[in-house]
Amino acid sequence: MSDTSHAASGDESVLDGLDASAMSSLYWYLAVLACIGGFLFGYDTAVIGSVLDFIPYQLSPFWTGYLVAGASLGAGVGALAAGPLTDRFGRKSLLMADASVYAIGALLSAFTVSAAMLIASRTLIGLAVGADSAIATAYIAEFAPKGRRGQLSIIQQWMITVGILVSYLLALLVFVLAPGSAKNVDWRVILGIGAIPAIVAVLLRARMPESPRWLIHQGRYADTSAALGKLGVDVSEDEVRRTADRIKAADEDRPGGSRHVWTPGVKRALVIVSVFFVFQQITGINVPFYYGPQLLGGLFKNPGDTAVHAAVAGLVSAAILGLVNVIATYLGFRFIDRAGRRALALLGYAGMAVFMLVAAAGVAWLTGTPKIVVVMVGFSIFIASFAMGVGGTGWLLQGEVFPTAVRGRAAANCAAVNWIANFAIIQAFPSLQAAFGLPSVMVLLAVLSVLAFAFVFRFLPETKGLSVEEVVALFDEQAKGAPARPAPAG
Ligand code: BGC
């Protein structure tokens, strides 16, 4: 037991003990462990663009597109599958299973002998990334002290951004060290290296405690008391049982009673998080990540460069944007539990709207170096605004707003919406660009950020400082007509 332990006693719920416990290094460690999949998510979505030109198989445009965007669709399927499985088998089992699938997919892609095998292994990776994204923040929400839940969950976004950055840096390193092997060994190393963190995740996740909230919900009171003990909250099996009784009684009081877990409040939360996620994607965050290098590569590239030089040039600009993303996510981490989800999301979407317009102006009206500088600055602050207020906030809300009985399924549905929206915008962007021109599409993205701002302002309640049970009650109240409003102090 750590010195931060908190014993629940008397009338207090054992979950209050968890919510009130002081942060220990164990909590950080568990959050990082839960978010290793976030690293793989970022690494994997970004890495394919770096190696695509060097894969030595003849692929039709359809299968080339599948290698890039198909991973997002696969992730949507993985997320949907994870929901019922995690509600049935637990958070820890799923987190271990998906890291294993990822490791197998990464190894198969490194040792692939045919296009079909590469496509199959990329599909496995997509499924694993999606499943993991569905439950990582739900696991965190189920053990985090309520005042630090935001910070612990934003580690997921941080790991995503670090994964994206590392994918660019690693590809750069490999191409610079072995430019002659780009079509032989390099792309295999770059794709396969993700197996290392995945294997580490399987090994370390095997020792993490199962979610105490999920265990209570399963009626496994002795296991709950053991899991809480690992988390520094010492309670007896009887105390856990009393808390379980109290939760059941509270559930009976909720609209529709305990058999009705999909209450109007839960459905409302599902819609709000799903719409938030649609906006998170269709406002264009992945446009600079996927297409930015093409647009900005000219700044770093010389005429007559080889394909490897061109790849290196594109990777340098992508790495700069990736670094901005990692650094700005720190601001989200710093302020999410103090300023709150609403304030950060509003600021984030406002910044995204303004700086997408700045980048659009650069594209439309400038040439040469001024164009590159203005576009780069516009994209950088656009990304920073997203990183600070929108990226992590979405994944945090997805984990924290649902009741334990359906948290896995509901969070997984929202994650699937995120991946499908991700797929849709990435697929649609080139056609939109061809039809309307880049500056007009960028203005459209800015307008979508303004709509997102209005949506958050009107519908997203503040959830900072509340226990996950209080968050669920808040959405129930909202479903009855209470307005979205800042949380009471505390
Ligand atoms: C989004 C990803 C995006 C990443 C960028 C995540 O929150 O879901 O689509 O690539 O942020 O940092």
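In listed order, ligands and their atoms are each counted from 1. Residue numbers start at 1 and run along the sequence shown.
Ring planes of F379 and F382: tilted class, angle from 30 to 60°. The aromatic rings of W395 and W419 lie tilted to each other, with the angle between the two planes from 30° to 60°. Note on ring orientation: taking the six-membered ring where Trp is involved, the planes of F279 and Y349 are perpendicular (angle over 60°, cut-offs 30° and 60°).
For the ring-ring contact (aromatic ring centres under 6.0 Å, His included) test, no residue two or more places apart in sequence or in another chain qualifies with F335. In terms of the salt bridge (charged side-chain N to carboxylate O under 4.0 Å, His left out) criterion, D186 has no residue partners (sequence neighbours excluded). F423 pairs by the ring-ring contact (aromatic ring centres under 6.0 Å, His included) definition with nothing, not counting sequence neighbours.
In this structure, ligand 1 sits under 4.0 Å from heavy atoms belonging to F41, Q157, I160, T161, I164, Q280, Q281, N286, F289, N325, F386, G391, W395, N418, N422.
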